[in-house]
Amino acid sequence: MDLLDTLTAKGLRGEVPTREEALAVLATTDDELLDVVAAAGKVRRRWFGRRVKLNYLVNLKSGLCPEDCSYCSQRLGSKAEILKYTWLKPDQAADAARAGVAGGAKRVCLVASGRGPTDRDIDRVTDTMAAIKDADPEVEICVCLGLLSDNQAERLKAAGADAYNHNLNTSENTYGAITKTHTYADRVDTVQKAHGAGLSACSGLIAGMGETDEDLVDVVFALRELGSDSVPVNFLIPFEGTPLAKEWNLTPQRCLRILAMVRFVNPDTEVRIAGGREVHLRTMQPLGLHIANSIFLGDYLTSEGQAGQTDLDMIKDAGFEVEGAGEATLPRHRADVAAAAATGSGCGTAASACGSGGGCGPCGGHEHAPLAGSASAPAPASEGADGANSANGELRDDLVKVRRRGAGTELAPNA
């Protein structure tokens, strides 16, 4: 196929496709799917070999969020029966992180629900990072606390944070349909603050909220322009008990096409399969490893992932290997830029590409209407077509499991 030959050639050179080419990837058929995966796989191997970076989430504070993000089960007023607790103590968070590192995770992602951190919250996270670093000085730490105020990114950087995650989630054109309490511009500003402080800029998207192909391409190109060097690709987890519970707009094939499009637009960038991997890719998860070079190990913020050992077995059986602590995630040319950014000697614009990755997945949905109900969004596809709910047209509620173990509980974490 001429399209895939062109995309492969560009990706191997580190070049970005045109918007039209990115849209064409999403329009390919199921008959062409393995060719799409193979083409994206060549680009992935060119820059990342067969390494898979493992990341581990620690939810420092669950639920109780005043924001109205329509994809999130932690929003105040959500009907999802998730765990709700206030800040973990530093030793509790460090214990949770230790389990992930023992399972092979190279990076720990510290997440807290809320609009954004107070200065006291920054102090809490600083203490938590110190406890984690005391146990393992080499572990990378990504922080995800919401919208940042002036100088907070600098404080996190000085305390030892490597990255800051703040996802754009969807296109600027449709952002107002999923959130009213803050704007798309607010999110861009936070990514720029983190980037400007020398933190790795980690920002991604959520697919499956009823967005169009154009929305997906818009947000991926926006992430590229922002200089996001780690792009978490989340697939909406439709929690039972929320208005998005029946929003099953994805098939495994659709997810693989989205991942391939993201890879082609970001050939030498860390691409992570994040929240919703098990729910929507299901038995086709190993194919996703041929496109993405990073995943989360074990559970997510408010939902359970598959067993950590199953993740490790999947990586090995698919012919990949876990990236070691001493290995650089990004290609040399990007790692050099990251080092310059960390010392303040480079990366002066938001469009620069810096850092080494990081990111956090979504946790579900709540009481806002989904984008699928908007005039600009496509209607759900019919049974058996791309976008269908499942092979027999039924909802797969059995795939969504609320997290009841790990951080904030008395049960051992899944790592």
Exercise. Decide, yes or no, whether a salt bridge links Glu67 with Arg115 under the criterion of side-chain N to carboxylate O below 4.0 Å.
Key: yes
Quiz prompt | Check: Tyr175 main-chain N/O paired with Thr170 side-chain donor or acceptor under 3.5 Å | solution = no
Quiz item: Where is the tightest heavy-atom contact between Asn173 and Asp215, given as atom of each residue plus distance?
Solution: ND2-OD1, 4.4 Å
Quiz item: Taking only residues two or more places apart in sequence, or in another chain, which ones meet His290 in a ring pair (Phe, Tyr, Trp, His ring centres under 6.0 Å)?
Solution: Phe320
Exercise. Please determine, by modelled atom types, if Thr183 and Asp186 share a side-chain donor-acceptor pair under 3.5 angstrom.
Key: yes
Practice problem: Check for a donor-acceptor pair, side chain of Arg277 on one end and backbone N or O of His280 on the other, with a separation under 3.5 Å. | Solution: no
Quiz item: Should Arg98 and Asp95 count as an ion pair when the cut-off is N to O under 4.0 Å?
Solution: yes
Quiz item: Between Val191 and Ala201, which heavy-atom pair has the shortest distance, and what is it?
Solution: CG1-CB, 4.2 Å
Quiz item: Which salt bridge (charged side-chain N to carboxylate O under 4.0 Å, His left out) pairs, counting each pair once, include a residue from residues 293-302, with sequence neighbours left out?
Solution: Asp299-Arg405
Quiz item: If only atom types and distance count, is the side chain of Asn55 paired as donor or acceptor with the main-chain N or O of Phe296 below 3.5 Å?
Solution: no
Self-check item: Check ion pair Asp30-Arg257 (N to O, under 4.0 angstrom)
Solution: yes
Quiz item: Under 3.5 Å, side chain of Asn234 to main-chain N/O of Ala274, donor-acceptor pair present?
Solution: no
Exercise. Scan Ile132, Asn165, Leu145 and name whichever one has a side chain to side chain contact (heavy atoms under 4.5 Å, CB included) with Leu110.
Key: Ile132
Quiz item: Under the 3.5 angstrom rule, does the side chain of Arg46 hit a backbone N or O of Arg13 as a donor-acceptor pair?
Solution: no
Quiz prompt | Heavy atoms of other groups near Lys133 NZ, more than 12 under 6.0 Å | solution = yes
Quiz item: Thinking salt bridges, do Arg332 and Asp268 make one under a 4.0 Å N-O criterion?
Solution: no
Quiz item: Is any side-chain heavy atom of Gln152 closer than 4.5 Å to a side-chain heavy atom of Asp121?
Solution: no
